[in-house]
Protein chains: 2
Amino acid sequence: MSLSREVSRSVDFERPLVTVDVVIFTVVDDRLCVLLVRRPDDEDEPFPGRWALPGGFVDVQQDASLLACAQRKLRAKTGVASPYLEQLGSWGDAKRDPRGWSSTHAYFALIARPASQEAGRTPAEWLPLDQALRRRLAFDHNVLLNAAIERLRGKVEYTSLPAFLLPEPFTLPQLQRVYEVVLDRALDKSAFRKRMLDADYLDEAGPVTGDHGRPAMGYRLRERERATVFPRGFKSGE
Amino acid sequence: MSLSREVSRSVDFERPLVTVDVVIFTVVDDRLCVLLVRRPDDEDEPFPGRWALPGGFVDVQQDASLLACAQRKLRAKTGVASPYLEQLGSWGDAKRDPRGWSSTHAYFALIARPASQEAGRTPAEWLPLDQALRRRLAFDHNVLLNAAIERLRGKVEYTSLPAFLLPEPFTLPQLQRVYEVVLDRALDKSAFRKRMLDADYLDEAGPVTGDHGRPAMGYRLRERERATVFPRGFKSGE
DNA sequence: ACAATAGTGTCTGTAAGACAGTATTGG
DNA sequence: CCAATACTGTCTTACAGACACTATTGT
């Protein structure tokens, strides 16, 4: 450190541990799934052998920022480079990690189902949401997971988020199915299509032929950087 | 520390600095204001003499959690015990603090205008928003402030947040004025009143007499713990 | 009586949902 | 021609905004 002693003294507090965790969603066979990893069996580690969200310590040498750290962890587990990634919130207190006062910065990510089941070295698993919710995860990761689901369900009502869960090109019926899977209720076809097309966030990408019946128009996101916000939610007087 | 050496070795990373900052809003004379504090003039401190958001290091001895830390800082500056307080997000990178890799957990708070201008020891000032935005604040606090304003304006469209900016009991015309101040546009009286009363989140508290004209009904929040979310925003086809 | 403010009633346009209809493919 | 799926058109209804109206106070 090249700082003078006065400056470094002003920083001479006991510092909390700082981690980043990522809740990564995808859709497999019309089911919303989340990626979990197994913690090492080493008894000196906290929560040995338990399932947890992907994450870990911020590396001040390697990570330029929190976002970069989250992207690194996501890429290490999934190999996906351009996901939808947003900050979920932060959780920090004296008790959540047995090693000491710790705070985590949680992100949540939406990706299209990766071809390969495993990409990293640590055991990882795509688990349907209902099963993941029944597991007792490491740390306070059940709290984080619940927050992520709440955020996702909430935003799906009035944004284009589900489009990031599908590989391109996708059709409107496919997209509607994803909305219905996440929201766990049926949507009206006509209203749904009007919404999507009026929002003007999709580009046509030629017809896509399915197993039976009439082929559907394929679409791509015009912008993969941000989600589109619709003027209203589904079902006003819910 | 009562941990074994193996465990402490697994935590032997260089730890970032961890701070909490709070963006505190109130309304004074029909203007939205934010609380700023002056950083010490000591040349060994970063950004000496500059204005900044209230905040500082997490104290792992004193603060049980991030929220408790934010509440402590808010209370120290304003004396307010039961504000509206929500997490805004976190910002962390290698460059934002000259003392090293640092991450801050930002909160934003809404309070009724305190009677006393000053409550703490450090110089503090309620500054109208437009003036605050023109200042060059310490650290990345301009970014935090902008994020807070965006969040506030966004949520005011479809929540009861402005009610937390007024002392109770307040009248519907007063509340409407606050909405208009924050949104910086006029709202229709009839639609506004329907919205507020239909949402069923206010309790009548007897008539309140103003300077001129007919007295208005006073109201209190039925629940001060959380904001009410309206089924729709103002002005659908904006 | 009048100014000033609080509160209500009525009309209208918009847009989402319901649902039935048409279109296009493969077998 | 039929099954299966994609897509469109029309009707209805709910509700927010516009705006004019009534109500209640002080001077």
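Just so we're on the same page: letters track the sequence lines, and every chain starts at 1.
- Between the OH atom of A:Y219 and the C1' atom of D:dA6 there is a distance of 10 Å, rounded to whole Å.
- Near DNA chain D, meaning a heavy atom under 4.0 Å from it, residues 197-218 of chain B has B:G213, B:R214, B:P215 in order of number.
- Between A:Y179 and A:F192, the ring-plane angle classifies as perpendicular under the 30° and 60° cut-offs.
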If you look only at distance, which donor and acceptor atoms sit under 3.5 Å apart when one is on a side chain in residues 127-140 of chain A and the other is two or more places apart or in another chain?
unit_1: A:D140; atom_1: OD1; unit_2: A:R96; atom_2: NE; d: 3.2
unit_1: A:D140; atom_1: OD1; unit_2: A:R96; atom_2: NH2; d: 2.9
unit_1: A:D140; atom_1: OD2; unit_2: A:R96; atom_2: NE; d: 2.7

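- One atom, CE of B:M196, and another, P of D:dC15, lie 16 Å apart when rounded to the nearest Å.
- Taking atom CZ on A:R177 and atom C1' on D:dA6, their separation rounds to 11 Å, with Å as the unit.
- Atom CD in B:Q176 sits about 13 Å away from atom P in C:dT8, given to the nearest Å.
- Comparing B:P173 and B:S190 by the nucleotide of DNA chain C that holds the closest heavy atom to each, the one mapping nearer the 5' end is B:P173.
- Each of B:L172 and B:K194 was assigned the nucleotide of DNA chain C with the nearest heavy atom; the assignment lying further toward the 5' end belongs to B:L172.
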Any chance you could lay out the side-chain contact (heavy atoms from CB on, under 4.5 Å) test for A:L221 and A:E168, step after step, and finish with the verdict? CA-CA 8 Å; A:L221 286 171; A:E168 295 181 321; 3.5 Å; yes
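- Closest approach of A:L187 to A:E180, counting heavy atoms only: N-OE2, 2.9 Å.
- If you check every strand for non-hydrogen atoms under 4.0 Å, A:T171 touches nothing.
- If you take CG of B:D188 and C1' of D:dA20, they are 11 Å apart, rounded to a whole angstrom.
- Note: CG (A:L187) to C1' (D:dA6) measures 17 Å, nearest angstrom.
- Looking at every heavy atom in both residues, A:I111 comes nearest to A:T26 through O-OG1, 2.7 Å.
- Nearest-nucleotide mapping onto DNA chain D: of B:F192 and A:K189, the residue sitting toward the 5' end is A:K189.
- Annotation: B:E225, atom CD; neighbour count of heavy atoms from other residues, nucleotides and ligands within 6.0 Å does not exceed 12.
- B:T78 contributes a side-chain N or O that, together with a main-chain N or O of B:V80, makes up a donor-acceptor pair within less than 3.5 Å.
- Note: CZ (A:R193) to C1' (D:dT5) measures 11 Å, nearest angstrom.
- Atom-to-atom, CZ of A:R195 to P of C:dA18 comes out at 13 Å; the value is rounded to the nearest Å.
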